[in-house]
Amino acid sequence: MPELPEVETVRRGLERHLVGRRIERVEVGRERTVRRTSSEAVIAGLTDTVVVAADRRGKYLLLPLDSGDTVMIHLRMSGQVLLAPGGAVRPLHTHVVLHLDDGHEMWFVDPRTFGEVVVFDPDRVAAEVPALAALGVDPIAEPFDTRALRRAFGTSSRALKPLLLDQHVVAGIGNIYADEILHRARLRPDRPASSLDGRRRRILRQSIVDVLAAAIEAGGSTLGDAQYVDLMGASGSYQDEHRVYGRGGERCLTCRRGWVRRSVTGGRGTHWCPVCQR
DNA sequence: AACTGTCCCTGCAAGC
DNA sequence: TGCTTGCAGGGACAGT
């Protein structure tokens, strides 16, 4: 499941291999992937433009073009962005193909089709991609000090886990990293945000930064089912460092006393150790 | 404001 | 072996 570290890994690949390239031709094979606008709009918006940068905010990939427009790619659950030699055999569920001026192709592959591609005018972001305009602080790309966390968490009575998952609050954290962050911070996922004192808020802030940085360093997490891979098709390795995610029923690796619990909150699996997370 | 549930979709694993 | 069922999840949305 691509979250901030996976999207950042893809962004770095795009920065190296896509920026500066001219898009000569575009194919859209599935309307649902471009549902925010249309095949025609995406093809017209991309054809004969040059990608001038590779940015990211939260889980959103943002590629400004020399036309003044920006391409937004969201991988959601199962999206992949892959670079391939021209004419290579495409995987099943390749929905968008960009033909580049260096002979390569960029593929957007997405079995579950939650992901999307849109070309929009960044001056009209609030109208065209409201969720992007409403995003909270990005803990890696933007200054993220204790004050930012205090502003984000404020005196909210909400539990920590749903708050971490809320993209309006902190951008880029999904289910895997929320569980890992809370475990590192030794905080229970159901603990109300308003119960944190300044010291615990600082610990949580540091855990957010540390877990995300370590995961980026490892190239993200590649799990069995959704098969996240980077631009060149390589797997990440942070799954080997998961302490609680996917470890329900196992002995806690941190305290070696508790058993990792798996519960469901808001329809999402939540993994945590009742002994070391309080 | 905060919560719960539903939907979108496919691949995979478990169970019969 | 071959079917059916359940589950995974980000985010939009509706209802309470």
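Any value given below was found using the heavy atoms of this structure, including those in side chains, with hydrogens, waters and symmetry copies removed. Proteins get letters first, then strands, A, B, ... in listed order; numbering begins at 1 in each.
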J.: What is the nucleic acid contact for A:Y245, judged by heavy atoms within less than 4.0 Å: base, sugar-phosphate only, or nothing?
T.: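 Sugar-phosphate only.
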
J.: Please report, rounded to the nearest Å, how far the C1' atom of B:dA1 is from the CG atom of A:L163.
T.: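 After rounding, the gap between these two atoms is 12 Å.
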
J.: Measure from CG on A:N175 to C1' on C:dA8 and round the result to the nearest Å.
T.: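 For the pair A:N175 CG and C:dA8 C1', the rounded distance is 10 Å.
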
J.: A:D166 has an atom CG; how far is it from atom P of B:dA2, in whole Å?
T.: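 Whole-Å distance recorded here is 10 Å.
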
J.: Categorize A:R30 for me: base, sugar-phosphate, or nothing, with a 4.0 angstrom heavy-atom threshold over every strand shown.
T.: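 It contacts sugar-phosphate atoms only.
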
J.: Whole Å only: how far is the CD atom of A:E116 from the P atom of C:dG9?
T.: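 Checked: the CD to P distance equals 21 Å.
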
J.: Under a 4.0 Å threshold between the charged nitrogen and the carboxylate oxygen, would A:R30 count as salt-bridged to A:D110?
T.: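 No, no charged N to carboxylate O under 4.0 Å.
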
J.: Of the candidate nucleotides B:dA2, C:dG10, B:dC9, which contains the atom at the shortest distance from the side chain of A:S157?
T.: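 Selected nucleotide: B:dA2.
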
J.: Taking the side chain as C-beta and beyond, is there a heavy-atom pair between A:E6 and A:L75 under 4.5 Å?
T.: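 Sidechains of A:L75 and A:E6: no contact.
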
J.: Given C:dG10, C:dA8, B:dG11, which nucleotide is nearest the side-chain atoms of A:R262?
T.: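 Of all the options, the side chain of A:R262 is nearest to C:dA8.
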
J.: Below 4.0 angstrom, N of the basic side chain to O of the carboxylate: do A:D138 and A:R56 qualify?
T.: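 A:R56 and A:D138: salt-bridged.
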
J.: Taking atom P of B:dT4 as reference, at what distance in whole Å does atom NZ of A:K161 sit?
T.: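 The answer, rounded to whole Å, is 13 Å.
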
J.: Return the value, rounded to whole Å, for the distance between atom CG of A:L135 and atom C1' of C:dG10.
T.: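 Atom CG in A:L135 sits about 13 Å away from atom C1' in C:dG10.
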
J.: Report the distance from atom CZ of A:R112 to atom P of B:dG11, rounded to the nearest whole Å.
T.: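 One finds 9 Å between P of B:dG11 and CZ of A:R112, rounded.
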
J.: Using whole Å, what does the distance between atom P of nucleotide C:dG9 and atom CG of A:L164 come to?
T.: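 Rounding to the nearest Å, CG of A:L164 and P of C:dG9 are 16 Å apart.
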
J.: Less than 4.0 angstrom between a side-chain N/O of A:S156 and OP1 or OP2 of B:dA2, yes or no?
T.: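 Yes, such a contact exists.
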
J.: Closer than 4.0 Å, any side-chain N/O of A:R158 to the OP1 or OP2 of B:dC3?
T.: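 The answer is yes; a side-chain N or O of A:R158 sits under 4.0 Å from OP1 or OP2.
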
J.: Of all the choices, B:dG11, C:dG9, B:dC9, which nucleotide is nearest to the side chain of A:T113 once you look at every atom?
T.: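 Closest nucleotide among those given: B:dC9.
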
J.: Please name the residue in the list A:V81, A:T33, A:L61, A:T37 that meets the side-chain contact (heavy atoms from CB on, under 4.5 Å) test with A:V117.
T.: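 For A:V117, the side-chain contact (heavy atoms from CB on, under 4.5 Å) check succeeds only for A:T33.
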
J.: Counting the atoms with a prime plus P, OP1 and OP2 as sugar-phosphate, which does A:G115 contact under 4.0 Å by heavy atoms, base, sugar-phosphate, or nothing?
T.: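 Since no nucleic acid heavy atom lies under 4.0 Å of A:G115, the category is nothing.
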
J.: Quick one: what's the B/S/- string for nucleotides 11-16 of chain C, heavy-atom cutoff under 4.0 Å, read 5' to 3'?
T.: BS----

J.: Could you walk me through whether A:W107 and A:L82 pass side-chain contact (heavy atoms from CB on, under 4.5 Å), step by step?
T.: CA-CA 5 Å; A:W107 298 334; A:L82 296 168; 4.2 Å; yes

J.: Can you find a pair of side-chain heavy atoms, one from A:V7 and one from A:K59, that are under 4.5 Å apart?
T.: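 The answer is yes; the side chains approach within 4.5 Å.
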
J.: Which hydrophobic side chains are connected to A:L253, either touching it within the sub-4.5 Å cutoff or through other members that do?
T.: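 Taking Ile, Leu, Val, Met, Phe, Trp and Tyr as members, A:L253 stands alone, with no cluster partners.
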
